[in-house]
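Just so we're clear, the structure is a prediction, and the values are computed from it rather than from any experiment. Numbering of residues begins at 1 and proceeds along the displayed sequence. Side chains are part of it too, since the values below use all heavy atoms of this structure and drop only hydrogens, waters and symmetry mates.
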Amino acid sequence: MKNESSKTTFQGHRGARGLAPENTIPSFKKALEHGVQGLEFDIVLTGENQFLVSHEPYFSHEFCSKPNGAAILKKEILHHNIYRMDYETIKKYDCGNRGHSRYPEQQPLPAIKPLLKSFFEEIEKYVLEKRIKKPFYTLEIKSDFAWYGFMQPLPSEMVTLFIEEITNYPFYDKIKDRLLVESFDVNILNELHKQTQNTETKFEIGFLVENKLSIEENLNKLDFMPSVYVPYYRLLTKKKIEELHQRGLKVFTWTVNDTETMQKLKNWGVDSIITDFPNRIPTLVTA
C-alpha cells in the first residue's frame with residue numbers, strides 16, 4: 001500500500017459503520033460513495049479455514065441475529081463461534097437488519113458477513129463500474145491470546161493460512177500494492193514478518209497500538225520495524241507524529257468521528273485517518 005502524496009488520506013472504518021452495517025459490502029460501498037481513499041476492515045477464520053470479514057470471531061449481540069431471526073443475547077455470544085462454523089451456516093446470520101443502538105444514524109438493512117475473497121471481488125468490481133479510483137486496503141488480522149485454540153488457531157498457523165489464501169487469489173497482483181496488513185497482536189506481526197522475510201511475498205505491515213507505553217517500548221515488542229504505526233488518536237500529539245516520521249514510519253490513526261479533530265490531526269501531518277463517518281470528513285484543505 002503506497003500513499004501517493006504527503007496529504008492526509010481518509011479510510012472508512014469497517015466500511016462506514018456510522019451509516020451502514022459494519023464490515024458488510026453495503027457499508028464499504030457507502031464509504032466509497034463519500035470519497036474515502038481507503039477501506040479499513042477486520043478478518044477472522046471460519047471452521048473451514050476461510051477468512052471472513054468480521055470484527056469479532058463470534059456473532060455480536062449488539063447487531064446480529066440468529067438464523068431463526070432472534071437477536072443474539074450477550075450471554076450467548078461464545079456459542080456463536082465463527083471458528084466452529086462453515087460459511088453455509090454463517091450466511092444464515094443477519095448482521096444489519098436490527099441496526100445499531102450506538103450508531104443511530106446507521107441505516108438498518110439485511111446484511112451478512114462476506115468472505116475475504118468475495119469482499120475484494122465485490123469492491124474491485126464496484127470501483128471499476130463506478131469509475132472510482134481504486135482504494136487502498138487496511139486489513140486487520142483479529143487475534144487475541146485468549147482466543148488461541150478456541151476462536152482461532154495459534155498465530156503461526158493463522159499467518160500461514162492467511163499467506164496461502166491471499167497470495168493464491170487470481171487478482172492478488174492487482175491489490176498487493178494497495179494492501180496494509182495490521183494487528184494488535186505482536187505474535188501475529190512477528191510471524192508475518194518471519195514467514196515472509198526470505199520469500200518473494202512481502203506485506204506492508206502496520207502495528208496497532210492502544211496503550212500508553214512509549215513509541216520505543218512498543219516498537220521493542222517487534223522483531224522488525226513496521227511500515228506504519230497505528231495508534232488510537234487520543235494517544236497522538238504533533239510531536240509524536242514528527243518523531244514517528246523521523247523514524248521513517250507512516251502514521252495512521254483510529255477511530256476519529258468529529259470533523260474538528262480530523263482537521264487537527266490533518267494539520268499535525270498524520271498520514272491517514274480512519275473514521276466511522278466518512279460524511280464528516282473535512283473539506284478544508286490546508287497547506
Side-chain angles (χ1 to χ4, degrees), residues 1 11-15 17 22-23 38-46 49-58 60 82-83 113 115-117 119-120 136-167 172 175-176 178-197 199 201-213 215-233 235-236 244 247 249-255 271-274:
M1 187 281 303
Q11 304 177 49
H13 184 233
R14 307 184 201 176
R17 178 168 62 160
E22 68 175 61
N23 278 326
L39 297 174
E40 185 276 348
F41 59 99
D42 317 276
I43 61 169
V44 300
L45 203 60
T46 73
N49 286 339
Q50 296 187 90
F51 283 93
L52 183 79
V53 179
S54 177
H55 184 259
E56 297 88 12
Y58 52 82
S60 172
I82 289 168
Y83 188 46
K113 295 178 183 288
L115 290 170
L116 178 60
K117 182 180 180 182
F119 159 78
F120 282 125
F136 64 88
Y137 298 109
T138 299
L139 180 161
E140 179 185 348
I141 299 177
K142 298 304 295 186
S143 179
D144 189 281
F145 181 79
W147 300 342
Y148 293 0
F150 170 48
M151 290 190 159
Q152 67 173 85
L154 294 176
S156 57
E157 182 182 352
M158 193 162 189
V159 167
T160 297
L161 290 168
F162 171 73
I163 294 170
E164 288 177 352
E165 177 171 317
I166 199 165
T167 57
Y172 174 66
I175 65 170
K176 65 181 182 181
R178 291 182 280 127
L179 179 65
L180 174 76
V181 182
E182 63 179 12
S183 186
F184 285 103
D185 188 344
V186 295
N187 293 324
I188 290 286
L189 298 181
N190 283 331
E191 274 293 333
L192 192 59
H193 172 71
K194 176 184 175 182
Q195 292 190 30
T196 58
Q197 63 178 336
T199 71
T201 301
K202 299 295 178 187
F203 294 105
E204 191 159 12
I205 297 176
F207 184 16
L208 278 158
V209 174
E210 60 180 341
N211 60 63
K212 294 183 179 180
L213 298 177
I215 293 169
E216 190 72 29
E217 287 171 317
N218 276 316
L219 290 175
N220 282 341
K221 298 177 183 179
L222 297 177
D223 299 334
F224 66 101
M225 184 64 72
S227 300
V228 188
Y229 197 76
V230 195
Y232 178 48
Y233 79 96
L235 299 174
L236 282 174
L244 287 160
R247 289 172 174 263
L249 294 167
K250 290 194 285 280
V251 185
F252 289 6
T253 192
W254 53 278
T255 302
D271 296 283
S272 197
I273 295 170
I274 300 166

A side-chain contact here means heavy atoms from C-beta on lying under 4.5 Å apart; do [X] and [Y] qualify?
| X | Y | answer |
| --- | --- | --- |
| Ser227 | Phe203 | no |
| Leu45 | Phe162 | no |
| Lys113 | Val53 | no |
| Ser54 | Asn23 | no |
| Ile163 | Leu192 | yes |
| Leu219 | Met225 | yes |
| Pro226 | Leu189 | no |
| Phe207 | Val228 | no |

Roughly how far apart are [X] [atom1] and [Y] [atom2], rounded to 0.5 Å?
| X | Y | atom1 | atom2 | answer |
| --- | --- | --- | --- | --- |
| Ile141 | Ile205 | CD1 | CD1 | 9.0 Å |
| Met158 | Asn187 | CE | CG | 12.5 Å |
| Ile82 | Glu56 | CD1 | CD | 8.0 Å |
| Phe252 | Leu180 | CZ | CG | 5.5 Å |
| Leu249 | Tyr229 | CG | OH | 9.0 Å |
| Leu154 | Ser143 | CG | OG | 9.5 Å |

Considering non-hydrogen atoms only, spot the tightest contact between [X] and [Y] and give its length.
| X | Y | value |
| --- | --- | --- |
| Leu161 | Pro153 | CD1-CG, 4.5 Å |
| Leu52 | Thr46 | CB-CG2, 3.9 Å |
| Thr196 | Thr199 | O-OG1, 2.9 Å |
| Leu235 | Asn211 | CD1-O, 3.2 Å |
| Lys202 | Tyr172 | O-OH, 4.2 Å |

Ignoring hydrogens and geometry, is there a side-chain-to-backbone donor-acceptor pair from [X] to [Y] under 3.5 Å?
| X | Y | result |
| --- | --- | --- |
| Asp42 | Lys142 | no |
| Gln152 | Pro57 | no |
| Asp271 | Val251 | yes |

Requested in this report: Please test Trp254 against Tyr233 for ring pair (Phe, Tyr, Trp, His ring centres under 6.0 Å), starting from the C-alpha separation and ending with a verdict.
Outcome: CA-CA 6 Å; Trp254 53 278; Tyr233 79 96; 8.4 Å; no
Query raised in the report: Going by the angle between their ring planes, with limits at 30° and 60°, are Phe41 and Phe119 parallel, tilted or perpendicular?
Result: tilted
Query raised in the report: In terms of the angle between their ring planes, are Tyr137 and Phe120 parallel, tilted or perpendicular, with boundaries placed at 30° and 60°?
Result: perpendicular
Report summary line: The residue among Glu40, Glu204, Gln11 that forms side chain to side chain donor-acceptor pair (under 3.5 Å) with Thr138 is Gln11
Query - Test log, rule side chain to side chain contact (heavy atoms under 4.5 Å, CB included), inputs Ile166 and Val181 - result: CA-CA 11 Å; Ile166 199 165; Val181 182; 5.9 Å; no
**Report entry** Option from Leu39, Thr255, Ile273 for which side chain to side chain contact (heavy atoms under 4.5 Å, CB included) with His13 holds
**Finding:** Thr255
**Report entry** Short side-chain donor-acceptor distance under 3.5 Å, Gln195 and Thr160
**Finding:** yes
Requested in this report: Answer yes or no: are there more than 12 heavy-atom neighbours, outside Lys194 itself, under 6.0 Å from its atom NZ?
Outcome: no
Query raised in the report: In terms of side-chain geometry, is the basic nitrogen of Glu216 or Arg247 positioned less than 4.0 Å from the acidic oxygen of its partner?
Result: yes
**Report entry** CA sep, side-chain torsions, deciding dist, call: Lys221, Leu213, side chain to side chain contact (heavy atoms under 4.5 Å, CB included)
**Finding:** CA-CA 11 Å; Lys221 298 177 183 179; Leu213 298 177; 3.6 Å; yes
Requested in this report: Apply the test side chain to side chain contact (heavy atoms under 4.5 Å, CB included) to residues Tyr148 and Asp185: give CA-CA distance (whole Å), side-chain angles for both, the deciding distance (0.1 Å), then the verdict.
Outcome: CA-CA 11 Å; Tyr148 293 0; Asp185 188 344; 2.6 Å; yes
